[in-house]
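Down below is the structure, laid out as structure tokens.
In what follows, chains carry the letters A, B, and so on, assigned in the order in which the sequence lines appear, proteins first and then strands, with residues in each chain numbered from 1.
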There are 2 protein chains.
Amino acid sequence: MDKEMMKGSIDLLLLSLVSQRDLYGYEMTRILKQYSEDVYQMSEGTLYSALKRLERKKWLDSYWSETEQGRRKYYRITEDGRRELEQKRANWKLIESLVRKSSEGLT
Amino acid sequence: MDKEMMKGSIDLLLLSLVSQRDLYGYEMTRILKQYSEDVYQMSEGTLYSALKRLERKKWLDSYWSETEQGRRKYYRITEDGRRELEQKRANWKLIESLVRKSSEGLT
DNA sequence: TTATTACCCTTGTAACACGAGGTACATCGT
DNA sequence: ACGATGTACCTCGTGTTACAAGGGTAATAA
């Protein structure tokens with residue numbers, strides 16, 4: 001995986017995931033691994049510092065849950081987070097269109 | 001524009017552009033501005049340091065051209081650059097699919 | 001018992017986008 | 001003649017980032 005290429009996509013990925021339902025960190029890495037058919041394995045250093053950042057920006061908040069399997073920290077998207085997600089999606093689409101146009105041909 | 005979101009996309013964008021035909025730096029910013037309908041204006045600091053990086057990695061090379069309008073530094077893609085471009089496109093598609101799956105719904 | 005898996009976290013490093021600054025020359029309006 | 005604007009190149013400093021490498025605990029499997 002291209003390290004630099006993930007920059008900027010990580011927040012979009014995590015916000016997208018958590019917008020579906022509350023998730024705990026480790027679970028997110030499992031899901032992404034599964035979605036990518038084992039190609040992409042987000043490192044835990046990346047994950048937890050990203051979650052910390054998203055929480056600091058108030059796009060996510062969190063709560064602890066004690067299960068029989070142990071303690072898990074669940075993340076939940078905030079209203080600001082949903083707004084930011086829409087923003088990032090629009091941004092993503094713009095970049096997507098730039099990449100497409102740049103690949104298609106110049107006048 | 002989301003600053004961090006451009007990270008990783010810049011190289012893909014520039015390689016895509018130059019893969020079509022030789023371009024000079026300033027021209028690239030004009031084209032991207034036009035493609036984005038004035039939404040995205042790549043800063044010159046970003047552009048020239050990116051071009052330097054791409055040249056250092058031997059994905060681009062360059063030559064000077066003296067026209068009546070002044071001197072211009074044209075960039076040309078190398079064979080390595082074309083290979084890298086394909087790599088980055090594949091990577092981009094993977095991230096795209098992760099974003100899509102993450103937005104669609106979790107099992 | 002030992003290894004593996006699940007789950008959380010921190011710190012250091014290299015790379016990056018960008019803003020702010022600089023230079024030089026041409027063109028255009030007044 | 002002259003200042004402003006546009007073209008065209010560049011450098012340096014700053015803040016942010018993904019990741020590797022480390023550390024930890026507890027449950028389950030071999």
Point to revise | Touch class at under 4.0 angstrom, heavy-atom based, for B:Gly45 against every strand present | key: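 Contact class for B:Gly45: base.
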Review point. How is B:Lys73 classified with respect to the nucleic acid when contacts are heavy atoms under 4.0 Å: base, sugar-phosphate, or nothing?
Key: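 Sugar-phosphate contact only.
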Does [N] have its OP1 or OP2 closer than 4.0 Å to a side-chain nitrogen or oxygen of [X]?
| X | N | value |
| --- | --- | --- |
| A:Thr46 | D:dC19 | yes |
| B:Tyr40 | C:dC18 | yes |
| A:Tyr48 | C:dC9 | no |
| A:Lys52 | C:dT11 | no |
| B:Arg71 | D:dA8 | no |

Nearest-nucleotide pick for [X], side chain only, options being [options]:
| X | options | result |
| --- | --- | --- |
| B:Trp64 | D:dC9, C:dC8, C:dC16 | D:dC9 |
| B:Glu4 | D:dT16, D:dC19, C:dC16 | D:dT16 |
| B:Tyr26 | C:dG19, D:dA8, D:dA18 | D:dA8 |
| B:Arg53 | C:dC18, C:dC16, C:dA6 | C:dC16 |

Review point. Does A:Arg53 come within less than 4.0 Å of A:Asp11, counting only side-chain N to carboxylate O?
Key: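 Counted as a salt bridge, because a side-chain N and a carboxylate O are separated by less than 4.0 Å.
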Exercise for review: In plain terms, say whether B:Glu55 and B:Lys52 are close enough for a salt bridge, that is, a side-chain N and a carboxylate O under 4.0 Å apart.
Suggested key: no
Point to revise | Considering all heavy atoms, the nearest A:Val18-A:Tyr75 contact | key: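 That would be CG1-O, 3.4 Å.
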Exercise for review: Tell me whether B:Tyr24 is reachable from B:Tyr63 by hopping between hydrophobic residues (I, L, V, M, F, W, Y) whose side-chain heavy atoms are closer than 4.5 Å.
Suggested key: yes
Spacing between [X] atom [atom1] and [N] atom [atom2], to the nearest angstrom:
| X | N | atom1 | atom2 | result |
| --- | --- | --- | --- | --- |
| B:Gln41 | C:dA17 | CD | C1' | 14 Å |
| B:Met28 | D:dA8 | CE | C1' | 12 Å |
| A:Lys3 | D:dA18 | NZ | C1' | 6 Å |
| B:Leu32 | C:dC18 | CG | P | 11 Å |
| B:Glu66 | C:dC25 | CD | C1' | 12 Å |
| A:Glu27 | C:dA6 | CD | P | 12 Å |
| A:Tyr24 | C:dC9 | OH | C1' | 17 Å |
| A:Met1 | D:dC19 | CE | C1' | 12 Å |

**Study point:** DNA chain D: 5'-proximal contact among A:Met6 and B:Gly25 (nearest heavy atom)
**Key:**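 Result of the comparison: B:Gly25.
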Check your understanding: Any donor and acceptor pair, going by atom type alone, linking the side chain of A:Lys7 with main-chain N or O of B:Lys7 inside 3.5 Å?
Key ->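 Checking the backbone N and O of B:Lys7 against the side chain of A:Lys7, no donor-acceptor pair under 3.5 Å is found.
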Review point. How long is the gap from CE on A:Met5 to CG on B:Asn91, to the nearest 0.5 Å?
Key: 5.5 Å
Check your understanding: Do the side chain of B:Glu44 and the base of C:dC18 come within less than 3.5 angstrom through a donor-acceptor pair of N or O atoms?
Key -> no
Review point. Taking for each residue the nucleotide of DNA chain C bearing the nearest heavy atom, is the 5' side occupied by A:Leu47 or by A:Lys7?
Key: A:Leu47
